[in-house]
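Remarks on the structure that follows.
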Amino acid sequence: MLKKMGLLTWGLGLTLAASPINATPPSDVVDLPQQTYTGRMTVAYALKVRRTIRSFKATPLSLKQLAQILWAGYGITAGPIFKTVPSAGATYPLDLYAVVGQNGVKDLPAGVYHYRPGKHDLKRVKAGDLRADVAGAAWFQKWMAQAPVMIVITGEYGRTTWKYAARGRVYVHVEAGCVAQSIFLMVQDMGLAAGIVGAMRVNTIRDRLGLPDKHQPLLVMPLGHRK
Ligand SMILES: Cc1cc2nc3c(=O)[nH]c(=O)nc-3n(C[C@H](O)[C@H](O)[C@H](O)COP(=O)(O)O)c2cc1C
């Protein structure tokens, strides 16, 4: 698939493993399978059974499952820009990154991948299994690192504040919440599970994952098969 080749109550005691962090060529791009619109349950039932899950099996996801989840979170639904979630002034200030663990997704090497909604593909930002780094930066919420994949939702405030000034920052946060709920409902329908994490040292996560300076981590959603 590669074209080119209070806070501490949530968890303590993560032993940080040394994570391989390798620079990768910028042209590593992975095409994603198209989304499907058939599901197992009604939205009302998905809302009823949705929970924050903090325990996952090591079972990998398929690329199709990851694609479906990313599309649900921030995928294109109409025209070149309109997406699954609303956006103040259609400014779309968010970016989604998939932190894929070793054997986290079949046929996809461990690494950090940027989801590009317009192309519906992934661009690799960094190679290596960085889940323990993210869990460590989330105040050692050890459970996070069990999940085969984490979705990091980042916000670039300037994309919205140029239009709405200070109020734009609120809008960015609201939109991130919309993305999170879409992901929750999607994984529920797919027979998978997700957690949600807001407690984190954002600069550490951004640096470890190799994200652009302007992409402020807002939420992390570990996901996979529920244990
Ligand atoms: C913005 C936000 C931040 C959160 N941060 C964390 C977190 O860092 N760690 C965690 O385990 N749960 C976190 N949660 C999950 C809440 O603890 C959880 O939603 C709440 O206990 C209600 O449970 P439920 O989601 O299963 O209904 C967060 C939820 C939200 C909305």
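Every number for a ligand or one of its atoms is a count from 1 in the order of the listing.
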*Does at least one non-hydrogen atom of W143 fall below 4.0 angstrom from an atom of ligand 1?*
yes
*For ligand 1, which atoms sit closer than 4.0 Å to a heavy atom of Q141?*
7 (C), 8 (O), 9 (N), 10 (C), 11 (O)
*Residues clustered with Y45, ILVMFWY side-chain links under 4.5 angstrom*: M41, V49
*Of the listed options G195, G198, A180, closest to atom 4 (C) of ligand 1 (non-hydrogen atoms)*: G198
*How would you list, by chain and number, every residue that makes a side-chain hydrogen bond (donor to acceptor under 3.5 Å, both in side chains) with E175, sequence neighbours excluded?*
Y74, S87
*Hey, does V197 come in under 3.5 Å of ligand 1, counting only N/O atoms on both sides?*
no
_Measuring from atom CD of Q216 to atom CD of E156, what distance do you get when rounded to the nearest 0.5 angstrom?_
11.0 Å
*asked:* Hydrophobic clusters here meaning ILVMFWY residues chained together by side-chain heavy-atom distances under 4.5 Å, can you tell me if I183 and V174 are in one?
replied: no
*asked:* Ring-plane angle category for F56 and W143, please: parallel below 30°, perpendicular beyond 60°, tilted otherwise.
replied: parallel
_Which segment of R50 sits under 4.0 Å of ligand 1 when only heavy atoms are counted_ = side chain
